[in-house]
Amino acid sequence: VSLIVTEEAKAAIKNFELPSELGFGQVLSPIMAVCDFKNGEWQNLEILPYGPISIDPICQVLHYAQEIFEGMKAYKVDNKGPFLFRPEQNWIRFNKSAERMAMAKVPQEIFMDAVMEVTRMSKDLIPSNSGESLYLRPFMFATDSGLGVKTSKSYKFMVVASPSGSYFSKDSVSVLIERELIRACPGGIGAAKTGGNYAGSLASAQKVNKLGYMQTMWLDAINHENIEELSGMNFFSVINGKLVTPKITDTILDGITRRSIIQLAKSLEIEVVEESLSITKLIDKIKSGECSECFASGTAAIITPIGFLAEENGTKYELPTIDNSIATKLRQTLLSIQEGRIDGPEGWVVTVK
Ligand SMILES: Cc1ncc(COP(=O)(O)O)c(C=O)c1O
């Protein structure tokens, strides 16, 4: 497989002017990486100008949602870097998602070359204040035509990139406890980063927006009792000084930020408990003051404190605002590693040359 950077893509980068207002995931780098899988083989990886692609109306992905994606960031704060954070973990998870969705696997070289080249060519577009980054979106979808439900034999793998500010415009996130709808069930696709999980979350997101909150908290499918995660983030709480987070099952996305936080917390001598965590118990601990913090973790959110949990009837369980919180300490440590101010564990930060 060869990497082909087209003249049109080089020109697109040269002529691009970055708007002053970025938001999150709204402004796109003017290039994209594209690699097709057909006849059992990966074709050349091409860097093209960003733009519409043409697909058949009966393309499998449009009807049966055979699709996966990843989310990762390149940091260039204070003009250091760009740095990627644990990119091989995204590649590994991408192929786990591919396996669950019965799709072709993407070789490490193609995934990395695509992510690296898009980042390298976009490097002058990466905003450089702390918390800002180039948000990278690798994705792949089924391209066979036909209305019969079947596994596609051809796929398109792509990477697009978005110079972005913070994901949340506020310092904390408000969360609705979803007591009715569910996100994932045992044996299902909850652990895969596939579009259907997010499509299925939107009805709840509509409720959340209407009530003026920001994220859905999902509970387990069987008893509607154990906390799983938020729609695009993992969940952590601090109970009696210990960091408590739901253990990963096949209904939860295994967050790379989550795993990194657990490792950092242990190195900071914070005790970590990974176990199922019931919403009833959490609410009791918030009321008694034993639960001092809740926060969300993810590539987009980094670590964002949860201000309150709410029920649909308007009942709110507020978390106290505290100085020197564990969330703040972990966020500062993690972001300092990601942005290249301090050294993290071996292999976490990869420089794009
Ligand atoms: C459903 C869901 N859970 C958790 C996460 C956090 O995963 P990571 O830390 O790898 O970004 C994400 C997003 O990335 C997500 O979409």
Side-chain angles (χ1 to χ4, degrees), residues 24-25 67-75 84-97 100-101 111 115 131 133-139 159 161-162 164 166-168 173 175-176 178 181-185 188-205 208 214-221 226-237 243 245-265 274 277 294-304 306 327 330-331 333-335 337-338 344 348-350:
F24 188 92
E67 183 272 353
I68 59 170
F69 66 99
E70 269 302 321
M72 52 208 289
K73 281 177 172 173
Y75 297 85
L84 294 168
F85 185 67
R86 308 186 75 178
E88 79 296 344
Q89 295 296 320
N90 293 94
W91 168 68
I92 291 168
R93 188 170 65 189
F94 193 74
N95 277 343
K96 276 192 189 149
S97 299
R100 180 64 185 84
M101 303 308 288
F111 187 94
V115 164
S133 61
L134 183 71
Y135 181 76
L136 292 148
R137 169 55 59 91
F139 60 106
V159 178
S162 169
S164 289
S166 305
Y167 186 72
F168 290 121
V173 45
V175 164
L176 177 75
E178 177 57 77
L181 305 174
I182 54 138
R183 174 184 178 278
C185 62
I189 56 172
K193 214 162 160 63
T194 183
N197 287 324
Y198 300 81
S201 77
L202 296 176
S204 181
V208 167
M214 292 160 75
Q215 279 275 310
T216 298
M217 170 186 273
W218 297 101
L219 304 178
D220 78 274
N226 287 328
I227 298 167
E228 299 220 300
E229 61 179 321
L230 309 184
S231 290
M233 286 139 227
N234 292 112
F235 176 81
F236 281 88
S237 57
L243 196 56
T245 186
K247 72 168 184 287
I248 294 296
T249 64
D250 69 348
T251 58
I252 298 177
L253 192 84
D254 186 355
I256 296 159
T257 317
R258 175 189 176 281
R259 251 188 280 142
S260 306
I261 288 169
I262 291 172
Q263 194 172 326
L264 287 178
E274 292 180 72
L277 174 61
C294 291
F295 62 87
S297 87
T299 297
I302 314 170
I303 290 177
T304 304
I306 294 173
L330 287 169
R331 183 186 161 98
T333 310
L334 180 63
L335 204 53
I337 294 170
Q338 291 171 327
W348 276 20
V349 170
V350 176

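Small disclaimer: the values here were computed from a predicted structure and weren't measured. Atoms within each ligand, like the ligands themselves, are counted from 1 in listed order. Any value given below was found using the heavy atoms of this structure, including those in side chains, with hydrogens, waters and symmetry copies removed.
Between Glu228 and Ile182 the shortest side-chain heavy-atom distance does not fall below 4.5 Å.
Atom 11 (O) of ligand 1 has Thr299 OG1, 2.6 Å as its closest protein atom, hydrogens excluded (heavy atom only). Nearest protein heavy-atom contact of atom 16 (O) of ligand 1 is Tyr198 OH, 2.5 Å. Gly255 CA, 3.4 Å is the protein heavy atom nearest to atom 7 (O) of ligand 1. Of all protein heavy atoms, the one lying nearest to atom 9 (O) of ligand 1 is Thr257 OG1, 2.5 Å. The protein non-hydrogen atom at the shortest distance from atom 12 (C) of ligand 1 is Gly232 O, 3.2 Å.
Between the side chain of Asn226 and the main chain of Asp220, no donor-acceptor pair closer than 3.5 Å is present. Side-chain atoms of Arg93 come within 3.5 Å of backbone N or O of Asp254 as a donor-acceptor pair.
The aromatic rings of Phe236 and Phe295 sit parallel, their planes meeting at an angle under 30°, below the 60° perpendicular limit.
Rounded to the nearest 0.5 Å, atoms CZ (Arg137) and CD (Glu70) are 9.0 Å apart.
Listed by atom number, the atoms of ligand 1 under 4.0 Å from Ser231 heavy atoms are 1 (C). Interface atoms of ligand 1 facing Gly298, defined by a heavy-atom separation under 4.0 Å, are 6 (C), 9 (O), 11 (O). The ligand atoms of ligand 1 that sit less than 4.0 angstrom from a heavy atom of Leu253 are 2 (C), 3 (N), 4 (C), 5 (C), 7 (O), 12 (C), 15 (C). Those atoms of ligand 1 with a heavy atom of Arg93 less than 4.0 angstrom away are 7 (O), 8 (P), 10 (O).
The heavy atom nearest to atom 13 (C) of ligand 1, out of those in Glu229, Arg259, Lys193, is found in Lys193. Here atom 6 (C) of ligand 1 lies nearest to Asn234 when heavy atoms of Asn90, Asn234, Ile256 are compared.
Arg100 and Thr194 form no side-chain donor-acceptor contact under 3.5 Å, judged by distance and modelled atom types alone.
Assignment of Ala301 to the shell around ligand 1 is not supported, since no heavy atom sits closer than 4.0 Å.
Of the N or O atoms in Arg183, none lie within a sub-3.5 Å distance of an N or O in ligand 1. The shortest N or O to N or O distance between Ser297 and ligand 1 is not below 3.5 Å.
In this structure, Phe24 has its ring center closer than 6.0 angstrom to the ring center of Tyr135.
Contacts between Ala300 and ligand 1, counted as non-hydrogen atom pairs separated by less than 4.0 Å, are absent for every part of the residue.
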